[in-house]
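In what follows, a single structure is set out as structure tokens and then discussed.
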Amino acid sequence: MTNVKRLLILGGTGDAAELAAKAAVIEQIEVITSLAGRTRNPQAPTGMVRIGGFGGEAGLLEYLHEAKIDLLIDATHPFAAQISWNASSAAVSCNIPHLMFIRPAWLQVPGDEWIEVDSVEIAASVLPEFAKRVFLTIGRQQLAPFARLDNIWFLMRLIDPPAADALVPPGMILCDRGPFALDNERQLLIEHQIDTLVSKNSGGDATYAKIIAAREMGIKVVMVKRPPTPVGEKVSDVESAMQWLINQM
Ligand code: NAP
């Protein structure tokens, strides 16, 4: 095949998987998705897949050269900041067209009772003022700041259980993977008598039902704001990412 371009998608999100499936349909594009390797049974995206960290910005730069990558799309989760900054710098260093796919953040609407905070650590520090039973939905990597809150009970929803040596807050672990239906979220909030939800502002539809359920029941939401993103080209939907790809051919 001539004029085939190799596209590296930095993945780990549903958006990245959707993009890989659509990009793979373009004949002149060969798709490789990179996953960090955090999830035990990741849903396999269309096309080639590589798994594991690159070894920082230098390692990513080396990989881009060795794998002869022509185009780079960063479709990682909005809270996966390190890899996004590494990708941005590496793409500039080797002059590869680079796009960031960032789904829009959720916005507070009438009826929402959000307390917006800058980090997971600050989310943990504000809880003792008002929370007794918390639905914690921030993933399994940052549970430690909540582990010292002995007077709060946590329902922790995670894709995989925490590591055996992880610091885990008092409460119950529920292993499940989105998308989550509104009825499911209502049921969890009622069954566990939740008074506060802690969430990252991930955006997207797959995990938004918990925000609606909290609104309906007058439950407070401690919403962790997104970290800053590098300067560069950005889109917020798959169609625009596909258009960017077509423009690069
Ligand atoms: P991070 O803090 O930005 O990344 C930490 C390190 O993990 C990076 O420096 C890199 O290691 C490696 N890494 C991250 N994403 C990678 C990828 N797609 N391919 C290869 N290596 C990757 O990210 P994180 O918060 O740990 O998230 C890890 C992955 O989980 C991301 O790909 C993200 O899309 C997904 N995810 C994260 C969240 C979240 O809330 N953070 C939620 C859902 C999904 P090296 O420096 O060695 O290259």
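Heavy atoms only: backbone and side chains are in, while hydrogens, waters and symmetry mates are out. We count ligands from 1, going down the list as the structure has it; atoms in each ligand are counted the same way. No experiment lies behind these values; they were computed from the predicted model shown. When a residue number appears, it is its place in the shown sequence, counting from 1.
If you check the side chains of Gln243 and Asn247, you find a donor sitting under 3.5 Å from an acceptor.
Ligand 1 has Asn86 within reach: a non-hydrogen atom of the residue lies less than 4.0 Å from it. The closest approach between any non-hydrogen atom of Gly52 and ligand 1 is below 4.0 Å. Residue contacts with ligand 1 do not include Gly139, since none of its heavy atoms lies under 4.0 Å from the ligand.
For the pair Lys5/Leu245, no side-chain contact is recorded, criterion being any heavy-atom separation below 4.5 Å from C-beta on. In this structure, the side chains of Asp112 and Trp106 stay at 4.5 Å or more apart for every pair of heavy atoms. At least one side-chain heavy atom of Val120 sits less than 4.5 Å from a side-chain heavy atom of Lys200.
Taking atom 18 (N) of ligand 1 as the reference point, the nearest protein heavy-atom neighbour is Ser34 O, 3.0 Å. When only non-hydrogen protein atoms are considered, atom 44 (C) of ligand 1 lies nearest to Gly12 O, 3.4 Å. Closest to atom 10 (C) of ligand 1, if we only count protein heavy atoms, is Ile83 CD1, 3.9 Å. The protein atom (non-hydrogen) at minimum distance from atom 11 (O) of ligand 1 is Gly53 CA, 3.6 Å. Looking at atom 47 (O) of ligand 1, its nearest protein heavy atom turns out to be Gly55 N, 2.8 Å. With respect to atom 28 (C) of ligand 1, the closest heavy atom belonging to the protein is Ala36 CB, 3.7 Å. When only non-hydrogen protein atoms are considered, atom 9 (O) of ligand 1 lies nearest to Gln82 CG, 3.4 Å. The nearest protein atom to atom 7 (O) of ligand 1, hydrogens excluded, is given as Arg38 NH2, 2.9 Å; this is a heavy-atom distance.
Proximity of Ser84 to ligand 1, defined as any heavy-atom pair under 4.0 Å, is not found for any part of the residue.
The heavy atom nearest to atom 37 (C) of ligand 1, out of those in His77, Glu57, Gln141, Arg50, is found in His77. Considering each of Gly59, Gly56, Ala80, Gly11, the one bringing a non-hydrogen atom nearest atom 34 (O) of ligand 1 is Gly11.
Counting atoms of ligand 1 from 1 in the listed order, those under 4.0 Å from a heavy atom of Lys200 are 39 (C), 40 (O), 41 (N). Set against the non-hydrogen atoms of Ala81, the atoms of ligand 1 under 4.0 Å away are 3 (O).
Counting all heavy atoms, side chain and backbone alike, Pro161 lies closest to Cys175 at N-SG, 3.7 Å. Of all heavy-atom pairs spanning Ala213 and Leu189, the tightest one is CB-CD1, 3.6 Å.
Under a 4.0 Å N-O distance rule, the pair Asp195/Arg133 does not qualify as a salt bridge.
Considering backbone and side-chain N/O of Thr76, none are found under 3.5 Å from N/O of ligand 1.
For atom 30 (O) of ligand 1, the nearest protein heavy atom is 4.0 Å or more away.
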List the atom pairs, donor and acceptor, that lie under 3.5 Å between side-chain atoms in residues 49-70 and the rest of the protein, sequence neighbours left out.
{"from": "Arg50", "atom 1": "NH1", "to": "Ser34", "atom 2": "OG", "distance (Å)": "2.7"}
{"from": "Arg50", "atom 1": "NH1", "to": "Gly52", "atom 2": "O", "distance (Å)": "2.8"}
{"from": "Arg50", "atom 1": "NH2", "to": "Gly52", "atom 2": "O", "distance (Å)": "2.8"}
{"from": "Asp70", "atom 1": "OD2", "to": "Arg6", "atom 2": "N", "distance (Å)": "2.7"}

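Among Leu19, Asp74, Leu72, Ile73, the one residue that satisfies the side chain to side chain contact (heavy atoms under 4.5 Å, CB included) test with Leu99 is Ile73. For the pairing with Trp153, the side chain to side chain contact (heavy atoms under 4.5 Å, CB included) check across Lys132, Met172, Gln193 returns one residue only, Met172.
Remark: Lys210 is not positioned above the aromatic ring of Phe135, lacking an NZ or CZ atom under 6.0 angstrom from the ring centre and at most 45 degrees off the axis.
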